[in-house]
There are 2 protein chains.
Amino acid sequence: MGRERATLADVARRAGLSKTAASMVLNGREGTRLSAEAHQRVFAAAEELGYRPNVAARSLRTRKTATIAFVSDIVATTRFAGGLIRGALDAARERDHALLITETQGDPTFERYAIEAILDRQVDGVVYAAMATRRLAVPPAILGGPVVLLNATSPEPLPCVLPDDEGAGAAAAEALLASGHRDRIALIGRNLEKEQDPEVSLAADARLRGIRATLAAAGVSLLEESFCPEWLPEHGHNAMRELLEHPTRPTAVICMNDRLAFGAYQALGEAGLTIPDDLSVISFDDDPIAAWLRPGLSTAALPHEQMGRRAVEVLLDGGDAATSFVPMPMRRRGSVAAPAD
Amino acid sequence: MGRERATLADVARRAGLSKTAASMVLNGREGTRLSAEAHQRVFAAAEELGYRPNVAARSLRTRKTATIAFVSDIVATTRFAGGLIRGALDAARERDHALLITETQGDPTFERYAIEAILDRQVDGVVYAAMATRRLAVPPAILGGPVVLLNATSPEPLPCVLPDDEGAGAAAAEALLASGHRDRIALIGRNLEKEQDPEVSLAADARLRGIRATLAAAGVSLLEESFCPEWLPEHGHNAMRELLEHPTRPTAVICMNDRLAFGAYQALGEAGLTIPDDLSVISFDDDPIAAWLRPGLSTAALPHEQMGRRAVEVLLDGGDAATSFVPMPMRRRGSVAAPAD
DNA sequence: ACTCGTCGCTAAACTGATTTAGCAGAGCAT
DNA sequence: ATGCTCTGCTAAATCAGTTTAGCGACGAGT
């Protein structure tokens, strides 16, 4: 890669000045006493030669690489990684930083390898991301520099960026209440493992809290809560079918994520019921499928791009070591309407 | 990041040898005349000090960074990016390389910026990826070093990695023929722009060729071909509805991708028809949704992970400058059966 | 006339590796 | 004794920047 690039020495020579002078001018050093004319000459020379500093040489001396690492557990198996990466990439670019990506796949060997790779390259900071919102243990080796947790928390007091799942839970409940649903709202996707083990999920518990608090404030309680072993379409499908056998049919269901909601749609279709006329559905994530369903699924969107961006902002601009909650905007589509009766 | 790391000088001192000796031993240089005992001492010292070479210092001298760039047009908006990146990441790790990610978003300014960022960091090679299989123009600036095109071709004679869309087309047609479908096979997703402009898509034309050739070889021609302005669910939905109004209803449809197929499923559901009893559906991509549909959608999978891996292999292991076609495995699920009549 | 301070700039050290050129000593032949 | 080769190793240059220490000229103050 790369070829005959002009060096700082070339620039200095052409400007008729020393490397020192050229370096100081180009780095915009304050307090230097170089003349305005010297500045001009250096800038002109750099421009003419198309000078770009050699990052390796610079970071050898300064120990700064203008590169940050994005370490995640799993990037491939989730559609969400793209948004996190994109947001991080944008924010990094705005701050003239590059992004080095590694993946641990949850494997300690890979993790060790990933850590070594980024320490060897002396990155200026690390975004440590989880693909499912959860608590995790940060390898101590990277604690020597700035670290921001993305979509995760940890026992260490590190800055975190999380989606506001509780707010989203409240918003979902609020949307149903606002449409007139009261005592016949069901919930699909209870899962004790997700709710009780923060290392598995933080989202489940937070969403549930938001939903319950909002309903409780309106004096409403859930008609029924369906437990699901996983949050996959088939589990939503089963849960919905069981719900339909119940003597009082719900007027609305809240699904803990869009995949469950998709399963619910399938079950409703098979039962010959129409959304939202017979039953409203609301959900979380804004998976691409939410927009493809007929009618479109109303859902609180995981703001992945915002989150990725936020993580890099916190990392590079410093700021509070606290947790940032990024709001989950409600995407209103056609799946929620007033109850029929 | 990082702290008091041992340097090569530390290792040499502890081994009672010169930096030169230590460097040569650790790099496994052939033809050196250092004693077996000297080797031992250096290895021991490096081990004891937990020595790791400083990548910046090394690449300053060698112009090698053990880092490759993954440049893509769009990573976030497609679910497929993850697979490409994951494959590339795995192959890079196996070869002790790190991956620097940039995104151009199809914007020339961003592209220029991305190129500068990677040239400044002296990456050892570039994987230039497109998220939709297509032809593109590679910025000349990166042609100074090794480049592999991923999911793309270009006018320059560069190695490319592409999915075998033509083979997949043949496989899809073959699967329907094997189930007994003959003269009532319809196609959803014709799109002249995609088929005729390689800068938009290479997949459309290749899939079509594969389908036609295979059907022709069996003496079969398509019952009907539906054109779609885009390959989104709503277009598949419309196309399927029109197809159902046709006097002779098809026994099978080939959809040009899974999103179209999803739309077709929706239309069939609304029409009260059952897959695969009333009609078989087969498709391309293996979008996650294919596995979630009821019945599961048979589809030729885009082998993203394999492709990402292949690109890095070609880049780092050298090899042929030719085009690699990566096979698209057929995922057989429940959407194909023998025709009813 | 001498000191002092400021201005405008530079030489040289330094970062941590790789690589080139070459040195000291041993063994052997002449 | 001299020259030669081979062995085992090292000093120093080099990569391209940043940073420290300081130099010469000039003007002002005493």
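Quick note on labels: first sequence line is chain A, next is B, and so on, each numbered from 1. For clarity, every value in this text was computed on a predicted model and none was experimentally measured.
- With rounding to whole Å, A:R13 atom CZ is found 11 Å from D:dA16 atom P.
- Whole-Å rounding puts the A:M24 CE to C:dG8 C1' distance at 11 Å.
- Checking the phosphate oxygens (OP1, OP2) of C:dT18, a side-chain nitrogen or oxygen of B:S23 falls inside 4.0 Å.
- Under 4.0 angstrom from either OP1 or OP2 of D:dT10 there lies at least one side-chain N or O belonging to B:S18.
- Of the N and O atoms on the side chains of A:T133 and A:N151, at least one donor lies less than 3.5 Å from an acceptor on the other residue.
- Atom CG of A:L34 is separated from atom P of C:dC7 by 12 Å (rounded to the nearest Å).
- Both tests do not hold together for A:R5 against A:Y51: distance to the six-membered ring centre under 6.0 Å, angle to the ring axis within 45°.
- Residues B:T65 and B:V55 share a closest heavy-atom pair of O-CG1, 3.9 Å.
- Rounded to an integer number of Å, the gap from B:K19 NZ to D:dG8 P is 24 Å.
- For the pair B:Q122 CD and C:dA17 P, the interatomic distance rounds to 17 Å; values are reported in whole Å.
- Taking 3.5 Å as the limit, the base of C:dT19 and the side chain of B:T20 contain a donor-acceptor pair of atoms between them.
- Along DNA chain D, the nucleotide closest to B:E37 and the one closest to B:R61 are compared, and the more 5′ of them pairs with B:E37.
- Contact check, A:R52 against D:dA16: no side-chain N or O comes under 4.0 Å of OP1 or OP2.
- Straight-line distance from the CZ atom of A:R29 to the P atom of D:dT18: 9 Å, rounded to whole Å.
- A close approach under 4.0 Å does not occur between any side-chain nitrogen or oxygen of A:N54 and OP1 or OP2 of D:dC15.
- Atom-to-atom, CZ of B:R33 to P of C:dG22 comes out at 14 Å; the value is rounded to the nearest Å.
- Each of B:L315, B:V127, B:V312, B:V148 was evaluated against B:V161; a single residue qualifies, B:V148, per the side chain to side chain contact (heavy atoms under 4.5 Å, CB included) test.
- A donor-acceptor distance shorter than 3.5 angstrom exists from the side chain of B:N27 to the backbone of B:S23, with no hydrogens or angles considered.
- Residue A:L17 has its side chain nearest to C:dC9 when only C:dC9, D:dT18, D:dA16 are considered.
- Phosphate proximity of C:dC9 to A:S35: present, with a side-chain N or O under 4.0 Å from OP1 or OP2.
- Phosphate proximity of D:dA16 to B:R63: present, with a side-chain N or O under 4.0 Å from OP1 or OP2.
- Using a 4.0 Å heavy-atom cutoff across all strands shown, A:A56 reaches no nucleic acid atom at all.
- At whole-Å resolution of the value, NE2 in B:H39 and P in D:dT7 are 15 Å apart.
- Set against C:dA17, D:dA16, D:dC9, the side chain of B:Y51 has C:dA17 as its closest nucleotide.
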